[in-house]
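Shown next, in structure tokens, is the structure this report addresses.
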Amino acid sequence: MHIVDVFQADGLPVSFEIFPPKGELPMEEAREVVSGLASLNPAFVSVTYSAGGGGNSGRTIDVARMMNDEFNLTSMAHLTCMNATREGIAETLGAMKAAGIQNVLALRGDAVEGMTTNDFKFAKDLIPLVREAGFCVGAAAYPEGHVTCLDFEESIEHLKQKQDAGAEFFVSQLFFDNECALRFLDHAHLAGIEVPITLGVMPFMSKSQITRMVFMCGASLPSPVVKLLARYEDDSKSLRAAGIEYACKQLVGLAEAGVDGVHVYTMNKPDVAAAAVEALGMAGFGPKAAKAADGASC
Ligand code: FAD
């Protein structure tokens, strides 16, 4: 199924992101994660891609294929173009097509020292190739602007360029402040963004994780999050539960605001996804809630 169609269906599209496991038996681990997610009826599940094409790029395809073939899920493979050649991208797209993948999130990837941007400078240069190859194409959106773009309005212009290049929907970077995200949607719509934007939410799990994420993506930390981090600084179990509860409240708030969709960064933890689906279900949104795993309920 093309993801653009899930936004036409009734109800709030709730989707998940996973990454290809790096362990000894990556496919076994991935199968276990996907099995947990499949029971939650997601609108689609996306699989991350290693920037620069190294490491786990083949695994992205393997995991997406497994989701399609074994679980009948709608998958989306991420694809980055930093350091890639046009020939290399064509080859990867061919492999994705052969694996039955229909949806691709076209990304530039983070700039890494030593990597070049010869053939593709920005994601907007990759999008037309993916579209021409017959995929349904999504791209990344940044509710607080991209971390390397200091001017918010310029960031919105870059978003518009991706839509003009053929992006059919956007998936947003994580954020902890719904007001920021809703303001961003207003700006995007005023700037002529007409394709659906699904908003990404990641529960915080630990102080180190949230610090890393904030530095990586420039998301602001509202004071309720800072207070929770301070309160549970020395109690990792309670901090995890508070992070899941905060994310669930964010998701319900977004659903109530009438957003196009919500995308949960599951960090390969089905209990996190289950808690999100349960909270949305209890508030009357999203796919039928499956029973949340013990200890992860909101
Ligand atoms: P672009 O849209 O090309 O933007 C990159 C930078 O260039 C931004 O600062 C932008 O403002 C600027 N820019 C864009 N157009 C112009 C222009 N015309 N002129 C001047 N400046 C311009 N990374 C991975 O490695 N693997 C993944 O699987 C992955 N998945 C992601 C999923 C989501 C939903 C999101 C939000 C991000 C993901 N990322 C992933 C991270 C992403 O690769 C980085 O954020 C990267 O730095 C930017 O990617 P982009 O596609 O948004 O790039």
Side-chain angles (χ1 to χ4, degrees), residues 3 15-22 44-61 63-64 75-84 89 92 96 101 103-113 115-117 119-130 137-175 180-181 184 187-188 191 193 195-202 212-219 260-268:
I3 285 174
S15 54
F16 303 138
E17 179 190 281
I18 63 169
F19 54 84
K22 294 192 179 87
F44 65 91
V45 181
S46 76
V47 195
T48 64
Y49 190 87
S50 157
N56 72 2
S57 48
R59 285 196 196 153
T60 301
I61 298 178
V63 174
S75 71
M76 173 166 76
H78 295 199
L79 174 65
T80 63
C81 58
M82 170 68 73
N83 214 30
I89 289 288
T92 304
M96 287 181 172
I101 295 164
N103 304 287
V104 170
L105 190 71
L107 299 150
R108 188 199 63 178
D110 282 328
V112 176
E113 217 178 298
M115 284 195 182
T116 54
T117 52
D119 282 4
F120 303 94
K121 197 160 181 205
F122 301 114
K124 73 179 170 69
D125 306 320
L126 171 65
I127 290 165
L129 256 75
V130 183
V137 188
Y142 300 89
E144 299 181 69
H146 187 266
V147 68
T148 61
C149 182
L150 300 182
D151 183 328
F152 180 74
E153 290 305 330
E154 208 177 302
S155 195
I156 298 273
E157 276 170 37
H158 299 154
L159 193 69
K160 177 72 165 54
Q161 289 171 5
K162 292 198 257 194
Q163 177 181 271
D164 293 345
E168 294 166 272
F169 63 95
F170 289 107
V171 182
S172 95
Q173 184 57 280
L174 64 91
F175 55 89
C180 273
F184 154 75
H187 280 262
I193 300 296
V195 301
I197 303 176
T198 189
L199 294 173
V201 169
M202 179 188 275
R212 200 173 56 247
M213 290 317 297
V214 163
F215 274 97
M216 259 173 71
C217 70
D260 295 326
V262 289
H263 189 65
V264 182
Y265 291 102
T266 70
M267 297 163 288
N268 287 13

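Atoms within each ligand, like the ligands themselves, are counted from 1 in listed order.
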(message) Using a 4.0 Å cut-off to any heavy atom of Q173, which atoms of ligand 1 qualify?
(response) 36 (C)
(message) So is F19 touching ligand 1 or not, going by heavy atoms under 4.0 Å?
(response) no
(message) With salt bridge (charged side-chain N to carboxylate O under 4.0 Å, His left out) as the rule and sequence neighbours excluded, what pairs involving residues 155-174 come up?
(response) R131-E168, K160-D164
(request) Any atoms of ligand 1 less than 4.0 Å from a non-hydrogen atom of V171? List them with their elements. (result) 34 (C)
(message) Just to be sure I read this right, does ligand 1 sit under 4.0 Å from the backbone of H78, its side chain, both, or neither, counting only heavy atoms?
(response) side chain
(message) I need the contact type for K162 against ligand 1. Using non-hydrogen atoms and a strict under-4.0 Å cut-off, is it side chain, backbone, both or neither?
(response) side chain
(request) Kindly confirm or rule out an N or O of H158 lying under 3.5 angstrom from an N or O of ligand 1. (result) yes
(message) Counting only heavy atoms closer than 4.0 Å, does ligand 1 sit against the backbone of V147, its side chain, both, or neither?
(response) neither
(request) Can you sort out which atoms of ligand 1 are near K124, meaning under 4.0 Å from one of its heavy atoms? (result) 18 (N)
(message) At less than 4.0 angstrom from any non-hydrogen atom of T48, what atoms of ligand 1 do you find?
(response) 28 (O)
(message) Show the atoms of ligand 1 that are less than 4.0 angstrom away from any heavy atom in D110.
(response) 43 (O), 44 (C), 45 (O), 46 (C), 47 (O)
(request) Mark up the atoms of ligand 1 that fall under 4.0 Å of a heavy atom belonging to A140, in ascending order. (result) 35 (C), 36 (C), 52 (O)
(message) Is Y265 close enough to touch ligand 1? Criterion: a residue heavy atom under 4.0 Å from a ligand atom.
(response) yes
(message) E144: which residues meet the salt bridge (Lys or Arg N to Asp or Glu O under 4.0 Å) condition with it, sequence neighbours left out?
(response) none
(message) Under a 4.0 angstrom heavy-atom cut-off, which atoms of ligand 1 come close to Q161?
(response) 15 (N), 17 (C), 18 (N)
(message) With the threshold set at under 4.0 angstrom, would you say G109 reaches ligand 1 through any of its heavy atoms?
(response) yes
(message) Please work out, at 4.0 Å between heavy atoms, whether the side chain, the backbone, both, or neither of T80 comes within that distance of ligand 1.
(response) side chain
(message) With nothing but distance in play, are any N or O atoms of L107 less than 3.5 Å from an N or O of ligand 1?
(response) no
